[in-house]
Every structure is written in C-alpha cells, then in structure tokens.
Amino acid sequence: MSAARLIARKEAGELLLSLRGLSWLMAVAVALSVFGLLLVSNTELSLLDNAQVVYDMVAIVTALGGLLALVVGLDAVAGERERGSLVALLLTPASRDAILSGKLGGIAVAWAVMYALALPYLWAVGSTGQNLREAVTILAVLGSPVVLGFGFFGMALGARLATARTALLTGLIGLMISASPLLLGPSLRQSAIGRAFDVINPISAAVNAYDGVIIDSQPVLGQWPHALLAAAWLVLALWLARSGFRRVAR
Amino acid sequence: MKLVGLLFALGLALVANPSSAETLSVDLRPAAANAASPQMGDRLSFRTTIRNDGTAAVHGLIAWISLVQLDKGKEQPVDLEDWSAHKAVTAASLAPGQILETDWPMRLIQAGTYRVVVSAVSRGSAGLVVSPFADFTVRQKPVVESQRVLPVALGLPLLIAVAMLWRRRRR
Amino acid sequence: MLIEIDGLRLSIGGVPILHDVRLALGEGEIYGLLGPNGAGKSTTIAAALGLLKPDGGRVRVFGKDPWMAGPEIYGGIGVVPEQNGFYDWMTAEEYLAFFAQLHRRDDGPNKMREQIAAVGLEPRPGQAIGTYSRGMRQRLSLARALVAEPKLLVLDEPTNGLDPRGRRDIHDLLIELAGRGVGILLCTHLLDDVDRLCRRVGIIAEGRTVAEGVIADLVRSERRLARFRLRLIGQPATMPTEIRHVSVVAHEGEWWIVDLDPEVTPDAAWRELLFRGWPIAEIRRESGGLDELYLALTERRAA
C-alpha cells in the first residue's frame, strides 16, 4: 500500500475510531437532527415548501461539512504538531507530498462520511417533494469542492500559524464570513460589495447553484459557472495547503 | 416585492384608462392539466397569447407575470423568487397579426388565494396592456412528516453514541 | 561517520540559536549530547534530521546533506523526539505496523509483538495507547524508532518517565544495539545515563559546542582548573561575584564549589576569602567527573 493511502487510512481511523473524531461526527449529527426536529415541531417551518426545506438542509450540510473539514484539516497538521505525533510521521521515508496527499485523503473521507450521514436527513425531510435526487447530485457536485476547499484551507492555516488555537480561530472567522449568505440570503446582493462578494465566495457559488437546481428546477449541468468558481477555490486552497505543508517543522 | 406591487398598481391604473389602449392584446388561461384544488408543492401553469392587433409591427416587447395574494388581511404582492423561474418573456418584434404564446409554470409555495395577471409593454407603446385575471386557491399541506424525521433525527446520533461507547470500552 | 556536524549556525525567525556546533558520531558509538535547557540541543538534532535549515556550517548524515536529502535518509534513522505524541486510539501493534509499512516493511504481527517485547512493553491485548502510562509511552516511542532496524538512533531524553528498572532495561538495549553497529546520538539531562553509556560527549552552551571528545580526556583537561569544595559555618559576608580570581560553580547547603583562576594560588585565594568574611571551616580538593565537567563548562558560559 502506498504511503499516501496508508496515511489516508490512518486519518480515516482518526475520524471513525477515535473518540475525538466520533465526537465531531456526533456534533454534526446533532446539528442536523436539531434542524430536522425544528422542521416537524415548528408549524411555520413545517409548512415550508418542500424544495425550500431540502434547499435549507443541503445548505446546512454544506456549512457543517465545511466546518468539519476545516477542523479535520487543522487537526491533521496543527493538532498533530501540538500533540507531538507529527514529527514521527515527517521522519519516515514517505515524501512530504505523500504525507500531504494522505492527509488530504483524510479530509475527503471526512466529507464522504458527512455526505453519507446527510442522506438520511435529506430523505426524511424531502422524500415526498420534488428535486430530492437533484439536491443529492448538486450537493455532491458543488458541495464537495467547496467543503474540501475548506479542509485544505484548514491544513494551510494549521501549517502556517504558530498554534492550533490561532489557526482554528482564523479558520472559523473565514468560514463564518464565507457562510454569511446563508444567514443574509438574497439581501446580501442588494449592495455592490455584496454582489462582488457573491461573485468570489465559494459558499455563495454552492448556495446559488442549490437555489437554481432545487428551488428553480434548473438543470445541474447549467450550474457550470458556479462549479467553476468552486473548482477555483479548491485549487487555491490546495496550493495554499501544499506550500504551507512543505514548511511544516522546517 | 414593492416594485412588483407598483407595476401591478400601475397596470390596473392604465387598464382603467381606455384612451391609452395599445394595439396589443393579452389573453391568459390556466392550463388544462392544472389541479382543480391544488395544494402546496403542486405545480400550476398558465398560458398567455399576446397578439399584435394593429397594422404596424411592435418592437421591443416585454411581458411579465405578477402574482398577488387576496386573503383578507394578507393582501400583498408575492415575490415570485421561490415560485417560478419564468418571470418574464421578451420578443424583439411582433408583426401585425402575429401572436406570442407563452407558458408560465409555477410551483405553489404557500397556502392562500391568489390572482395571476400578465402585463405587456413595447418600446413604442404609450401604455401597459394587461391580461384578464386568473384566480386560484392553494390548500395547506405539512411538507415535513414527523414519522420520517424522528427516527432519523434520533437514530443517527444514537448510532454514533453507541460507536463512542464501544470505543470507550476498548480504552 | 554517521553524523558529522561542523561549525553549524542556525537561526529561527531571525533569532540566532546555534552559533558554532560540532559533533561526530560513528557506527557502534553512543554519543552524549549535553547542555542546559535552551542551549540548542534539540535544534541541533532538528538540523541533523533535516527539519531545520542551517544558516551555515556543515551537516552530513550518512554522508548526505539532510536538508536536501530529506526522506531519502529517514529509512536508516530511528528517532525518539523530545515531545512524544501517538495515535491514542490505536493499539501498540497497530501503531508499530503503521510505521513499519511507512518504512516499506511488510512485517507481520509476530514481528510487531517482538518489537514490543524488546523494549519491555507489556500492554493488555487490545489496549489502546491512550491508556498507557508515561513510561509505557516512552518504551513505545523507542519501539517505533527501532521498527525499521535503523543504522542511526537519535534519542532525545529517551529514559524520561522510566523507573530505575526501566532505565536499566533501556541502557542494556542501547548497549546491545551499539554492539550491533548502530550509532546512537543520546541527548539527555541525566548525566548518569551518559556516564554509563557514552564514551564521547559534546557539551553545548548558548548555541556553541564548549567541549567535545572522549569523556575521560575532557575531565582530565578540565582539572587544570582548580576546583575546591568549601564548607562554610554561616553565610559569606561578601557576594561571590565581587571576589577576584574565584568563581562559584555551585552552592549546596553549607558546601560551596569554587573554581580558582590559574594565576592565583589556593593559599592566596583562601586568605582573600577569609578577609572578605567567608567563614571557611573545611576545604576539599574536588575530584573530577562528568558532573563537574558539565557544571564547569556550562556555568562558566552562563557567567
């Protein structure tokens, strides 16, 4: 087995077999459950249009996925460095790129687990309505690059900043700014600054694509401009992670 | 929403003034497939026929759909954002006698009684042309059902808690 | 030579940490790297392992520049770093198998159990590393360093947290490894460990090698400095720093260890001290040893 696959498998184990990783999964599952329970217990919310409910759930899954990926990415470098386990890994014959690939693979596994975890919730709130299948598809197509980008961004911060706490705080602020369209909605686009932010923000790209596909029943393939922005974000975050990781402990 | 309301009011005002009548006419009919008593989440469609009844071509034609809620105490124009992606249609020109057929699909988002109207205007026209009204009522429907949500919302965290307990026992 | 370091200079964030460090370690040798906290021992190790880029000087491991070679040389090196972190959810066997595979070794579970036993680790079946005591973690760290049967071992405080029996076991293991030709760089505060294991040492103070060579030779050369142990029947009336030609190396209760400059005779020095209010009751000539050598070299530097 290649070093990258070995490390990716270890990272997956860190998420699925360690109490720390399981706690993170528990936190995102509880957040999705709370939203689901709000939908059935709140009269106003329970009357929301079905597509709107699915859209909201997909947007929440993306934001939580971004948060999980950010934390996993941070922990893979800054967390391991502070726990003292990173040096032993760096002093193996595995190349820096192989170690980096393995850790990126760990982030991908975390998102895959999060995605699988979200499917029952999407089914529960959206199976009687329309566009559920399209929602699942657009979440994979647009949500994946956006979420993975935040994981890579977390790695870059963990590699460049002195402590895990500083990196976490910086990452959370970045994620909150990026996820602000989820809170502000279309009103964000009423100003020139808001529109400009909408054009460059990866979460806006995902949310606008979700809106098009789930609410407006547009074809998934028609979302390519949004997909392009998400892909650009992924490439930028990957570059930041790679250049940062090369400097770790050096 | 304010803009839609303004346009709608403007439309009504212009209709009330026959002296500004154009050579265009707009006809609006519900699609035959529309449910008689639709509920939230259903789809309705309306068809308009815009005809140039004049002798000269009409240039720069634009027609748009407006929706207003008529329930007592809730009278308001409706933001079509979530209802439909088909909010307007344009034509570069419409020759004399030529017609423009357009379908206006929409998904029913909220319960209530609504009125649809399509307005048209051209670059050279002095006034607005509006279609007849089409009214419909949407029944309420709870879209999120607790018998599906509860098992998932409670079951998945429970499953993860069991996994955590199993790992803790190993420790 | 497994490691050759000469004239090493290194800065971190623009702050000079190492000014002039030298070190040479051959096959089958256990070399002690000594120095006070913050002297630059761990930085020297990091430079030797290619984790930090030197500003100048020569660093070679297996004849290669470790900064450039990187993972190329790591196959032959086992490391016990100062800060030991593990994947707490794994068992020792899983942990060692993971590192063995990273070293491209296809050792089975029996080999892993042998490695665990070799360092005296006795976990319960299926016991997660997170539950290990400090001593068990230290042994596991050593087992990880040995997993690829390295030619060079770099050990930073390897007996930290071990009880006396554990320390003796690890000493025996290191002696056995050196007997098999493994070169061992031992960085520690425990001078007893160095006394027992090493023939040669390097002493670093404030980023400089202040002594390097065979312990016995260094001790002998340092004895040219006159070191005495004085027993006082009360506190001295004068601060030690105010007395010319006499420097205080250590102070343990009523005993004071002092070095005399070569240009002053002991009798003249004692007269001066008595005159300055030192209530001297007893004078003993100090016997030399690694402790004194270390204290003399590092304290003199600090002064």
Handout entry: Side chain to side chain, Leu51(C) and Leu91(A), heavy atoms closer than 4.5 Å
Key = yes
Practice task
Might you confirm whether atom CZ of Arg113(C) has over 12 heavy atoms from other residues, nucleotides or ligands at distances under 6.0 Å?
Solution key: yes
Practice task
Answer yes or no: is there a side-chain heavy-atom contact under 4.5 Å between Glu11(A) and Tyr87(C)?
Solution key: no
Practice task
Please look at Arg20(A) and chain C and tell me whether the side chain, the backbone, both or neither of the residue comes under 4.5 angstrom of a heavy atom of that chain.
Solution key: neither
Handout entry: Note, Met90(C) side chain near Glu14(A) side chain (heavy atom, < 4.5 Å)
Key = no
Handout entry: Minimum side-chain heavy-atom gap Trp89(C)-Leu16(A) below 4.5 Å
Key = no
Practice task
Decide if atom CZ of Arg133(A) counts as having more than 12 heavy atoms of other residues, nucleotides or ligands within a radius under 6.0 Å.
Solution key: no
Practice task
Answer whether the closest heavy-atom distance between the side chains of Leu49(C) and Val87(A) falls below 4.5 Å.
Solution key: no
Handout entry: 4.5 Å side-chain heavy-atom contact, Thr92(A) and His103(C)
Key = yes
Practice task
Please round to the nearest 0.5 Å and tell me the distance separating atom OG of Ser85(A) and atom CD of Gln83(C).
Solution key: 8.5 Å
Fill in the blank from the handout: Ranking Lys10(A), Arg83(A), Glu82(A) by heavy-atom pairs under 4.5 Å to chain C gives rank one to Lys10(A)
Practice task
Count the heavy atoms belonging to other residues, nucleotides or ligands that lie under 6.0 Å from CZ of Arg105(C), then report whether that count exceeds 12.
Solution key: yes
Practice task
Indicate the atoms forming the closest heavy-atom contact of Pro71(C) with Pro93(A), along with that distance.
Solution key: CB-O, 3.3 Å
Exercise for the section: Would you check if Leu102(C) and Ile7(A) make a side-chain contact, meaning some heavy-atom pair closer than 4.5 Å? Expected result: yes
Practice task
Could you tell me which of Ala3(A), Ala94(A), Ala88(A) has the largest number of non-hydrogen atom pairs under 4.5 Å with chain C?
Solution key: Ala88(A)
